[in-house]
Amino acid sequence: MHEQYQPGAVESQAQEFWAQNKSFEVKEDSSKEPFYCLSMFPYPSGRLHMGHVRNYTIGDVISRYQRMLGKNVMQPMGWDAFGMPAENAAIQNKVAPAAWTYQNIDYMKKQFNQLGLALDWSRELATCKPDYYRWEQWLFTRLYQKGIIYQKKGTVNWDPVDNTVLANEQVIEGRGWRSGALVEKREIPMYYFKITAYAEELLADLDKLDGWPEQVKTMQRNWIGKSFGADIVFDYDKDSVGIDGQLKVYSTRPDTLMGATYVAVAAEHPLAQRAAESSPEVAAFIKECQTASTAEADMATMEKKGLATGQFVIHPLTGEKLAVYVANYVLWGYGEGAVMAVPAHDERDFEFANQYGLPIKQVYRSTDDSLPFNDKEWQDWYADKDNVLTVNSGTYDNQPFQAAFDAIVADLEAKAHGKRKTQFRLRDWGISRQRYWGCPIPIIHCPGCGDVPVPEDQLPVVLPENVIPDGSGNPLAKMPEFYECQCPKCGADARRETDTMDTFVESSWYYARYASAKLDTGLVDKQAADYWLPVNQYIGGIEHAILHLLYARFFHKLMRDEGLIGSDEPFTNLLTQGMVVADTFYRMQPNGGRLWFNPEEVEVELDAKGKALGATLKADGQPVQIGGTEKMSKSKNNGVDPQVMIDQYGADTCRLFMMFAAPPEMSLEWSDSGIEGASRFLRRVWRLAHKHVSAGPVNRVAPDNLSAEQKELRRGIHAAIEHASRDISQHHKFNTAIAQVMTLMNTLEKAPTETDLDRSLLQEGLESVCLLLSPIAPHISHVIWQQLGHNTPIIDEQWPVADAAALVQDSLQLVVQVNGKLRGHIEVPASASREEVEASARSNENVLRHIEGQTIRKVIVVPGKLVNIVAN
RNA sequence: GCCCGAAUGGCGGAAUAGGUAGACGCAAGGGACUUAAAAUCCCUCGAAGGCAACUUCGUACCGGUUCGAUUCCGGUUUCGGGCACCA
């Protein structure tokens with residue numbers, strides 16, 4: 001054993017051992033309990049970033065820990081390889097997305113191996129390879145035939161200069177990011193997954209997910225957004241509209257129908273379109289509405305604008321005429337594209353009504369009149385359904401919410417002008433993308449037969465890989481050799497669909513494919529899937545809390561209904577990890593912009609107490625501004641390259657620091673001195689092990705007849721095992737588990753080594769340190785474990801269990817409070833009765849001072865913890 | 001705008017189920033070793049007062065419940081994630 005800890009040598013030794021022994025390749029084995037541990041697969045962007053390192057280290061720690069609990073652990077890895085960045089890189093560097101992607105995968109795979117991850121590479125997959133996406137296409141055709149996939153029109157951002165569809169991300173302040181042209185909304189035909197057909201189940205099954213964070217389940221519940229309301233039908237006023245017809249709206253508050261004073265429709269709504277025919281003003285407004293972002297956040301924050309169409313509709317209960325407005329805040333393609341407005345009880349309607357001088361009619365009052373009506377200030381009676389009664393509502397007056405709701409809906413139903421309805425906020429999932437680097441949609445458009453799914457024996461529809469997109473339109477649509485084909489049904493000349501699928505589709509089922517990643521006769525092998533699925537532990541960023549996780553849950557149910565798998569939910573336990581953040585530094589530029597400097601280029605000055613005073617650039621010694629702590633990103637130039645850290649300190653140190661600096665759910669602040677501390681700790685472990693091993697083999701002695709000090713030492717060892725085990729198993733609190741091991745190391749370093757018994761205890765302590773550390777710092781643990789005299793690898797050891805006898809204490813330290821304030825400590829025998837504890841507390845000197853001259857009202861004894869004397 | 005989170009020393013964070021606020025680590029200050037540096041070891045380390053024992057204040061802000069609140073409840077502020085074509 002080398003005297004100095006040399007991470008490079010230690011890590012290659014351990015990694016070679018694992019590689020030679022194929023330590024992490026696993027097979028279905030019915031004699032062992034399976035544990036499928038999965039971290040969200042990465043997009044092959046080029047290099048690993050700290051977020052990856054964190055994500056995969058967390059997964060690796062859990063995997064290695066579960067293996068030590070005796071489970072058959074599968075931890076696979078793959079590549080979420082389709083997506084926009086490859087196309088952007090292609091445009092910039094004139095390299096084909098495929099070549100760029102494969103090159104990135106090669107590099108990142110090397111980096112993964114340097115991290116010492118316990119991955120089963122025999123199951124590796126890349127979503128851009130035909131042997132993967134052919135099964136996606138296969139499933140697509142089955143779902144298409146079932147009607148789960150259908151076509152309808154959807155709205156996209158259209159760049160009129162580049163003649164291309166833009167992602168929301170590519171729209172900067174209403175303009176195309178490359179062309180700078182004002183972006184327009186455009187309606188194009190797209191394929192949709194009917195996820196709304198599963199809304200009820202997706203909502204209900206959240207209750208089964210005990211292993212998911214409550215926060216994520218709440219977000220999904222709100223996203224699915226089940227609401228109880230009614231469709232309400234307003235007849236057209238024929239005089240103003242010009243034709244007979246009906247306007248349908250959905251409202252969750254039909255009880256406020258008597259307060260409706262106008263209706264608002266989206267620009268794309270037939271009523272608005274009709275008004276535009278005769279009114280240039282309306283036409284102009286509709287055009288204005290079309291040059292806007294499709295993102296909901298923009299819709300909700302933009303200035304609410306509207307215009308009277310000159311049309312009216314008839315209130316179904318009162319017969320009153322209500323004005324029809326076209327408004328930019330009403331979403332087309334969501335609900336009916338029209339809403340009834342009740343300005344007295346809806347903040348947005350209230351704002352709009354005030355802006356355009358529309359009537360405001362109050363139909364609720366607070367039961368105790370504590371909230372007087374005031375048409376200048378909006379009153380939030382909506383939020384308080386319990387303490388309100390209807391008013392100004394004719395026959396519906398003086399009723400609480402539910403009674404008014406029921407009465408009004410009943411009357412609407414009787415008049416055939418409305419119907420009770422449960423609705424979801426969730427919308428069907430549009431998956432057509434007018435992009436090259438994605439999975440081709442397996443549909444053939446035949447002039448005679450219509451849309452025909454590609455038959456199974458003609459799959460996969462292979463995406464040509466030697467294409468370099470130029471940023472305008474979809475390259476596939478310019479390639480006759482791709483789109484020219486024959487109809488599989490009638491053999492006539494036909495056109496292949498050139499849209500590709502949303503990359504979320506690939507990531508919705510990859511976890512199932514890992515069970516039998518190389519299978520070429522089906523999407524999954526049923527037996528393998530039954531053994532491994534569902535995923536026992538899924539780990540990924542909180543930013544995926546809604547979309548990815550909801551789509552994956554949806555796909556799981558689709559695959560179940562296809563008979564491919566046997567469970568209802570894909571991920572039994574979910575861990576959402578926080579971001580990796582770092583300090584930012586910048587200088588103002590003459591043009592008002594900020595020039596960002598990497599933390600590495602900056603020197604921070606501290607005052608005598610270590611508080612940051614300011615910072616200077618190393619290059620010129622001139623000051624830079626401190627910009628606060630933000631997510632590591634290219635734009636803020638505050639990224640730290642994990643590769644540099646691995647080269648400098650080794651993988652174990654990086655892993656240890658990442659696991660120690662914060663609990664996994666919280667954001668993690670990168671700190672150069674923090675990683676220095678992690679490195680120092682591992683050197684201490686190595687040094688103590690080296691000293692111990694150099695002193696020769698240990699004569700194992702049974703831990704009987706221990707002195708008080710030895711007993712205390714052994715208690716420390718087993719307390720560390722006890723606490724670290726609890727921290728890891730119950731809450732994934734690796735940071736406190738590591739703190740336990742550090743505390744143990746502090747005691748072990750001071751422990752005597754004179755007798756065989758002393759050395760035997762130290763051996764026990766060092767073995768415990770190794771075992772507890774092995775999931776986190778696997779390389780150093782692997783090597784020290786051998787040095788401590790073991791012939792079998794530590795990865796196959798059992799997780800240690802604390803010896804209950806070693807944890808027993810003879811006496812306990814209790815806290816004594818007077819009126820809840822700490823006034824002293826007492827030491828009592830562990831066996832002391834409540835009376836003895838109380839008596840001891842009451843005789844404490846400092847306690848006596850504080851209760852002098854007062855009457856003791858109550859004494860609260862919390863066993864093993866504290867005594868509180870209530871006196872006055 | 002809507003939905004979901006977070007806020008504790010100079011810093012990262014800790015505090016089973018309402019019971020000692022600051023575990024563990026970093027930084028800083030002091031000291032030891034050394035020709036020197038690195039490495040290592042020892043001591044101090046929330047604020048204020050006090051020689052000390054100890055006292056008062058202190059977990060973003062305002063209020064409440066409780067013998068006792070970082071923890072529970074109501075309200076506010078700031079920061080972060082998501083908002084359906086970034087992944």
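Bear in mind that the values here come from a model prediction, so they are computed numbers and not experimental data. Letters A, B, ... are given to chains in the order of the sequence lines, protein chains preceding strands, and every chain is numbered from 1.
- Using a 4.0 Å cut-off between charged nitrogen and carboxylate oxygen, A:Glu838 and A:Arg842 count as a salt-bridge pair.
- Using modelled atom types and a 3.5 Å distance limit, the side chains of A:Arg684 and A:Asn746 yield a donor-acceptor pair.
- Contact check on A:Arg849 versus A:Glu852 returns no salt bridge, with no Lys/Arg side-chain nitrogen under 4.0 Å from an Asp/Glu carboxylate oxygen.
- Position along RNA chain B of the nearest nucleotide to A:Met190 versus A:Lys865 favours A:Lys865 as the more 5'-ward residue.
- As judged by a 4.0 angstrom heavy-atom cut-off over every strand, A:His544 is placed among the base-contacting residues.
- The partner of B:G49 is B:C54, by the rule that a Watson-Crick or G-U pair needs both atom distances under 3.5 Å.
- At a threshold of 4.0 angstrom between heavy atoms, the contacts of A:Pro663 are confined to the sugar-phosphate backbone, with no base atom among them.
- A:Ala295 comes within contact range of the sugar-phosphate backbone alone, with a heavy-atom separation under 4.0 Å but no base atom that close.
- The nucleotide whose nearest atom lies closest to any side-chain atom of A:Leu547 is, among B:G5, B:A84, B:G68, B:A84.
- At the heavy-atom level, A:Val581 lies nowhere under 4.0 Å from the strands shown.
- Note on ring orientation: taking the six-membered ring where Trp is involved, the planes of A:Tyr329 and A:Phe352 are perpendicular (angle over 60°, cut-offs 30° and 60°).
- Looking at the side chain of A:Arg435, the nearest of the listed nucleotides B:G13, B:G82, B:C85 is B:C85.
- For the pair A:Glu669 CD and B:C79 C1', the computed distance is 13 Å after rounding to whole Å.
- Out of B:G1, B:C41, B:C4, the shortest distance to the side chain of A:Arg684 is found at B:C41.
- Here B:G9 is in the syn range [glycosidic angle within 90° of 0].
- Base pairing of B:C41 is made with B:G31, judged by Watson-Crick or G-U wobble geometry with both donor-acceptor distances under 3.5 Å.
- Looking at the side chain of A:Asn746, the nearest of the listed nucleotides B:C67, B:G25, B:U20 is B:G25.
- For A:Met666, the side-chain atoms get nearest to B:G13 when compared with the rest of B:A84, B:A15, B:G13.
- Note on A:Ser667: only backbone sugar-phosphate atoms sit closer than 4.0 angstrom, heavy atoms only; bases stay farther off.
- Among the heavy atoms of the strands lying under 4.0 Å from A:Lys821 are primed sugar atoms or P, OP1, OP2 only; no base atom is included.
- Among the protein residues, A:Asn868 comes within range of the nucleic acid bases, having at least one heavy atom under 4.0 Å from a base atom.
- Side chain of A:Arg427, nearest nucleotide from B:U20, B:A84, B:A87: B:A84.
- Among B:A15, B:G80, B:C86, the nucleotide with an atom closest to any side-chain atom of A:Met579 is B:G80.
- Atoms CD (A:Glu296) and C1' (B:C83) sit 5 Å apart, rounded to a whole Å.
- In this structure, B:A87 makes no Watson-Crick or G-U wobble pair, since no nucleotide meets both defining distances under 3.5 angstrom.
- Between A:Lys733 and the phosphate of B:G13, there is no side-chain N or O to OP1/OP2 separation shorter than 4.0 Å.
- Comparing the P positions of B:C42 and B:C26 gives an interatomic distance of 12 Å, to the nearest angstrom.
- Heavy atoms of A:Phe681 sit nowhere under 4.0 angstrom from any nucleic acid atom.
- Among the heavy atoms of the strands lying under 4.0 Å from A:Arg726 is at least one base atom, whether or not backbone atoms are also near.
- Of all nucleotides listed (B:C85, B:G19, B:U20), B:C85 comes nearest to the side chain of A:Ala167.
- The separation of B:C57 from B:A6, taken at their C1' atoms, amounts to 26 Å, rounded to a whole angstrom.
- The A:Arg823 side chain lies nearest to B:U55 when the options are B:C4, B:C86, B:U55.
- Nucleic acid contact class of A:Ala297 (heavy atoms, under 4.0 Å, all strands): base.
- Ionic pairing of A:Arg433 and A:Asp502 is present here: one or more N-O contacts between side-chain nitrogen and carboxylate oxygen are shorter than 4.0 angstrom.
- Across all strands, A:Arg680 comes closer than 4.0 Å only to sugar-phosphate atoms, never to a base (heavy-atom distances).
- B:C26 and B:G10 make up a base pair, with Watson-Crick or G-U wobble contacts both under 3.5 Å.
- Below 30°, between 30° and 60°, or above 60°: for A:Phe657 and A:Trp670 the angle between ring planes is above 60°, a perpendicular geometry.
- From A:Leu812, atom CG reaches atom NZ of A:Lys865 across 11.5 Å, with rounding to the nearest 0.5 Å.
- Using a 4.0 Å heavy-atom cutoff across all strands shown, A:His850 reaches sugar-phosphate atoms only and no base atom.
- In this entry B:C67 has B:G19 as its Watson-Crick or G-U wobble partner, both defining distances falling under 3.5 Å.
- Of the candidate nucleotides B:C4, B:C26, B:C67, B:C67 has the atom lying nearest to any side-chain atom of A:Lys858.
- At a threshold of 4.0 angstrom between heavy atoms, the contacts of A:Phe660 include nucleobase atoms, whether or not backbone atoms are also involved.
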